[in-house]
Number of protein chains: 2
Amino acid sequence: MAASAETETPRQRYRTQVQNEIKKHAWEQIATEGTSALSLNAIAKRMGMSGPALYRYFANRDELITELIRDAYQSLADTIHAAAVDAADIRSLAQAMRTWALDDPQRYLLIYGTPVPGYRAPEDTTRIAMEIMAALLDAAGAEGLGAMPPSPLQGRLQAHLADHRGWAGAHPAKPATLHRALVFWTRLHGVLSLEVAGHFSGMGFDPAELYAAEVEAVTGL
Amino acid sequence: MAASAETETPRQRYRTQVQNEIKKHAWEQIATEGTSALSLNAIAKRMGMSGPALYRYFANRDELITELIRDAYQSLADTIHAAAVDAADIRSLAQAMRTWALDDPQRYLLIYGTPVPGYRAPEDTTRIAMEIMAALLDAAGAEGLGAMPPSPLQGRLQAHLADHRGWAGAHPAKPATLHRALVFWTRLHGVLSLEVAGHFSGMGFDPAELYAAEVEAVTGL
DNA sequence: CGCACCCGTGATAGCCTCTAACTCCAGTGA
DNA sequence: TCACTGGAGTTAGAGGCTATCACGGGTGCG
């Protein structure tokens with residue numbers, strides 16, 4: 001990332017510094033008011049300069065948001081990697097994902113929330129998404145996890161996944177592992193997204209209990 | 001709903017008719033451009049009248065969106081009720097939910113997508129949400145479903161749910177049924193929301209296969 | 001018939017994104 | 001050392017949006 005740190009001119013260093021400050025203010029605004037209320041004008045005002053100045057650093061509002069999405073993806077990938085280094089099991093990965101999501105709900109929703117119909121994700125976010133998938137596949141393929149209860153339908157899904165494993169890249173995962181990783185992702189996302197969006201808030205029970213039970217269900221799949 | 005149809009004055013009938021036309025245009029706009037791009041001005045222009053006229057029918061943009069959310073909730077509840085009348089089993093409910101979600105992704109996302117931080121859902125949407133939950137509990141409590149694999153953690157969750165069953169209202173569901181209904185909701189929502197948001201689009205496999213397998217996993221829980 | 005009410009209008013304020021023309025200064029090369 | 005180039009920031013302004021206000025005009029009620 002900082003490969004050309006020495007060849008960087010002062011101009012460039014100043015530029016990236018201002019860009020980072022803009023992003024910092026953008027994150028604050030997103031966390032409190034939501035992404036839809038993100039305003040370049042307001043950021044500029046808070047930084048003590050006039051609105052159009054920001055267009056030196058980001059071509060338009062969409063480009064800033066795209067950059068924030070990229071950063072959010074990278075942050076999630078880093079979090080998962082860090083958890084995988086500590087202990088590459090499903091439980092710690094799941095815990096890391098949950099704390100990451102609850103730490104800044106709007107950051108989570110920037111990735112997994114409502115997409116803008118016309119928006120096309122840039123190439124490298126899909127690359128990061130595949131990195132995340134690889135970490136999940138590693139954890140899902142670990143020894144000592146429960147076997148999956150046999151059923152024609154589950155077997156059919158695994159056969160289908162074995163035929164369509166492009167998303168796993170070059171990962172040498174067994175069909176059952178592909179299945180487990182996918183289910184890990186969707187089930188935990190199911191609990192997390194509803195929790196983050198506040199759909200449990202009036203229900204009274206503790207989402208953490210449900211989350212833990214779902215994590216266990218995946219390990220014993 | 002149409003209890004006072006005869007006592008309605010022509011004025012009132014015209015009023016609700018215009019309101020419905022506004023909502024119709026709003027839905028079209030949401031489906032194509034997304035909720036964040038919903039513009040009262042654009043709707044007015046398309047209806048052949050000037051912007052401020054719409055404020056006779058909705059106090060502000062938020063009130064219109066709230067009304068649309070209410071309608072979306074009601075539409076989901078109706079869909080689930082219709083499916084429950086045909087056959088009150090989990091499979092048909094799950095199928096109805098999926099077709100409803102894919103039929104208009106932005107309508108689904110209006111309920112389950114990114115919430116606006118300050119927004120507070122009105123009372124009757126939570127009432128409708130509880131109706132939906134009741135239908136889920138009915139289906140989850142049916143006879144002939146597989147027993148749940150015993151585990152201390154799953155048992156602990158069920159005990160917790162038995163202690164915090166306010167969201168079930170007066171429904172006489174066993175703890176295992178509470179558990180199954182919750183898991184039905186979160187797991188299917190996990191697959192659906194990722195599918196609707198396009199996170200599977202580049203992965204190559206068929207979400208329907210995964211969905212079917214998850215439905216089966218819930219029935220055999 | 002008269003009157004109150006509701007509907008739709010244009011004008012306007014204030015916010016936003018984004019462009020254009022301009023000034024100014026830092027860093028560069030002769 | 002000095003002229004110059006290019007990036008940074010400014011103001012002005014177009015065009016969009018939400019929302020309010022004051023004003024005509026028609027509708028339906030007493």
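Sequence lines set the chain letters: A, B, ... in the order given, protein chains first and strands last, and positions in each chain run from 1.
Of the side-chain N and O atoms in S39(A), one or more sit less than 4.0 angstrom from OP1 or OP2 of dC16(C). Side-chain N/O atoms of Y14(A) include none lying less than 4.0 angstrom from OP1 or OP2 on dG27(C). In this structure, R15(A) does not reach the dG7(D) phosphate: none of its side-chain N or O atoms is under 4.0 Å from OP1 or OP2. In terms of phosphate contacts, N41(B) brings a side-chain nitrogen or oxygen within less than 4.0 Å of OP1 or OP2 of dT18(D). Taking 4.0 angstrom as the limit, Y57(A) places a side-chain polar atom (N or O) nearer than this to OP1 or OP2 of dG9(D). One finds no side-chain N or O of R11(A) lying less than 4.0 angstrom from the OP1 or OP2 phosphate oxygen of dG27(C).
If A42(B) and M49(A) are placed on DNA chain D by their nearest nucleotide, the residue sitting closer to the 5' end is M49(A).
Backbone-only engagement by N60(A) is indicated by non-hydrogen atom pairs under 4.0 Å involving sugar-phosphate atoms exclusively. Residue R56(B) is classed as a base contact, given a heavy-atom separation below 4.0 Å to a base.
What separates CG of L54(A) from C1' of dG9(D) is a distance of 11 Å, to the nearest Å.
Between R127(A) and E123(A) there is no salt bridge, since no side-chain nitrogen of the basic residue lies less than 4.0 Å from a carboxylate oxygen of the acidic one.
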Inset, instruction - Please step through salt bridge (Lys or Arg N to Asp or Glu O under 4.0 Å) for the pair R187(B) and E214(A), ending with a clear verdict. - result: CA-CA 9 Å; R187(B) 288 190 190 176; E214(A) 284 296 82; 2.8 Å; yes

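Considering CZ of F58(A) and NZ of K23(A), their distance stands at 6.0 Å, rounded to 0.5 Å. Separation of atoms CH2 (W185(B)) and CG (L137(B)) is listed at 11.0 Å; rounding is to 0.5 Å.
Which of dC17(D), dG10(C), dT11(D) sits closest to the side chain of S50(B) comes down to dG10(C).
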